Amino acid sequence: YRDMAELMAQRVPITGEAGTGYVLDDGYDMPPLMLTADELEAAALGAAWVAAKADPSLGRAARDLVTKLSSAIPAELRPIILDAGIKTVSNQPRIEEAFDGALLRQAIRERLKLHLVYQDEKAAVSQRVIWPLFIAFFDDNRIIVAWCEARRDFRHFRTDRVLSLELQAHKYPGRRALLIQQWDDLRIKRLARRSPP
């Protein structure tokens with residue numbers, strides 16, 4: 001209610017009252033996005049990289065983002081996005097995956113366990129239940145960073161070696177941010193052990 005009162009005090013055309021509801025009058029628009037040319041180029045470059053490197057559904061989302069940005073910014077800034085002077089170039093073939101990347105991202109967002117069938121570099125096939133934490137993007141591959149229930153440790157799974165994955169109904173325990181911090185701490189310790197004194 002205090003926020004609504006503050007908006008009304010700033011002359012935003014809102015009618016209504018506490019307890020009954022509020023209505024924003026027709027014709028009122030939010031101000032245009034005030035982005036600099038460098039910020040727009042950064043957004044366009046990032047979206048182009050995601051469109052080229054991510055799974056098909058995330059690639060479509062990146063292209064949709066550019067379209068939405070283009071329509072939300074003033075007309076004089078649109079050429080910065082639509083005819084950008086910076087491009088992504090890759091000599092690596094596109095990564096092909098046997099699963100829908102949207103399912104993996106859903107599992108990460110909702111902290112759902114995943115059952116996956118995985119083939120390692122020696123072609124040995126195993127089945128795992130993992131707690132997916134995030135996807136790491138490299139130039140030549142993508143890695144699922146996860147807690148593996150079978151190994152009772154953090155593991156990395158190349159997405160191009162996942163033969164299938166299935167969402168599980170159960171959420172994994174704990175906070176994702178805390179698990180990522182534990183993974184990062186362990187990674188730093190392992191790197192320190194490998195470094196010569």
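Please read these numbers as outputs of a predicted model, since none were measured by experiment.
Side-chain contact check for Glu149 versus Trp131: some heavy-atom pair is nearer than 4.5 Å. A heavy-atom distance below 4.5 Å is not found between the side chains of Glu96 and Asp160. When side chains are defined from C-beta on, Arg128 counts as touching Arg151, because their heavy atoms get closer than 4.5 Å. Using a 4.5 Å heavy-atom threshold, the side chains of Thr159 and Asn141 count as separate. At a threshold of 4.5 Å between non-hydrogen side-chain atoms, the residues Glu6 and Asp3 do not count as touching. No side-chain heavy atom of Arg155 sits less than 4.5 Å from a side-chain heavy atom of Ile130.
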Would you sort out whether Glu121 and Arg161 count as a side-chain contact (heavy atoms from CB on, under 4.5 Å), showing the intermediate values? CA-CA 8 Å; Glu121 69 277 0; Arg161 293 182 181 160; 3.5 Å; yes
CA sep, side-chain torsions, deciding dist, call: Phe154, Leu133, side-chain contact (heavy atoms from CB on, under 4.5 Å): CA-CA 10 Å; Phe154 295 103; Leu133 303 176; 3.7 Å; yes
Output, in order, the C-alpha distance, side-chain angles, deciding distance and verdict of salt bridge (charged side-chain N to carboxylate O under 4.0 Å, His left out) for Lys122 and Asp120. CA-CA 5 Å; Lys122 296 176 184 171; Asp120 69 15; over 6 Å; no
With side-chain contact (heavy atoms from CB on, under 4.5 Å) as the criterion, how do Gln168 and Leu112 come out once you've worked through the C-alpha distance, each side chain's angles and the decisive distance to 0.1 Å? CA-CA 6 Å; Gln168 302 295 287; Leu112 294 173; 5.9 Å; no
side-chain contact (heavy atoms from CB on, under 4.5 Å) between Glu97 and Val162: does it pass, once the steps are laid out? CA-CA 7 Å; Glu97 296 166 340; Val162 174; over 6 Å; no
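Linking Ile, Leu, Val, Met, Phe, Trp and Tyr residues whenever their side-chain heavy atoms come within less than 4.5 Å leaves Val145 and Leu116 in two separate clusters. Under a hydrophobic-cluster definition in which Ile, Leu, Val, Met, Phe, Trp and Tyr are linked whenever side-chain heavy atoms come within less than 4.5 Å, directly or via other members, Val50 and Leu103 are assigned to the same cluster. Cluster annotation: Ile95 and Leu163 are assigned to distinct hydrophobic clusters (Ile/Leu/Val/Met/Phe/Trp/Tyr, side-chain heavy-atom contacts under 4.5 Å, transitive). Linking Ile, Leu, Val, Met, Phe, Trp and Tyr residues whenever their side-chain heavy atoms come within less than 4.5 Å leaves Ile144 and Leu186 in two separate clusters. Cluster annotation: Ile135 is connected to Trp49 through the hydrophobic network of ILVMFWY side chains, with a link wherever side-chain heavy atoms come within less than 4.5 Å.
With sequence neighbours excluded, the residues forming a side chain to side chain contact (heavy atoms under 4.5 Å, CB included) with Asp140 are Gln92, Phe138, listed by chain and number.
Below 30°, between 30° and 60°, or above 60°: for Phe157 and Tyr118 the angle between ring planes is above 60°, a perpendicular geometry.
Under 4.0 Å is where a charged nitrogen must lie from a carboxylate oxygen, and between Asp55 and Arg142 no such pair does.
Residues Ser57 and Arg105 approach most closely at OG-NH2, 3.0 Å, considering heavy atoms. Scanning all heavy atoms of the two residues, the minimum distance from Ala107 to Pro132 falls at CB-CG, 3.9 Å. Contact record, Phe137 with Leu58: CZ-CD2, 4.5 Å, taken as the closest heavy-atom pair. The two atoms that bring Ile73 and Arg78 nearest to each other are O-NH2, 3.3 Å, heavy atoms only. What you find for Arg111 and Gly174 is that their closest heavy atoms are NE-O, 3.1 Å.
Interatomic distance, NE2 of His115 versus CD of Gln127, reported as 4.0 Å (0.5 Å rounding). The structure places CZ of Arg109 at 9.5 Å from CG of Leu104, a figure rounded to the nearest 0.5 Å. The structure places CG of Leu167 at 13.5 Å from NZ of Lys113, a figure rounded to the nearest 0.5 Å. We find the CZ-NZ distance between Arg176 and Lys171 to be 12.0 Å, quoted to the nearest 0.5 Å. Residue Leu69 holds its CG atom at 4.5 Å from CD1 of Ile81, rounded to the nearest 0.5 Å.
Proximity of a side-chain donor or acceptor of Arg193 to a complementary backbone N or O of Ile188 within less than 3.5 Å is not detected.
Looking at Leu179, Val129, Leu114 one by one, the single match for side-chain contact (heavy atoms from CB on, under 4.5 Å) with Tyr172 turns out to be Leu179.
No more than 12 heavy-atom neighbours from other residues, nucleotides or ligands sit within 6.0 angstrom of CZ on Arg152.
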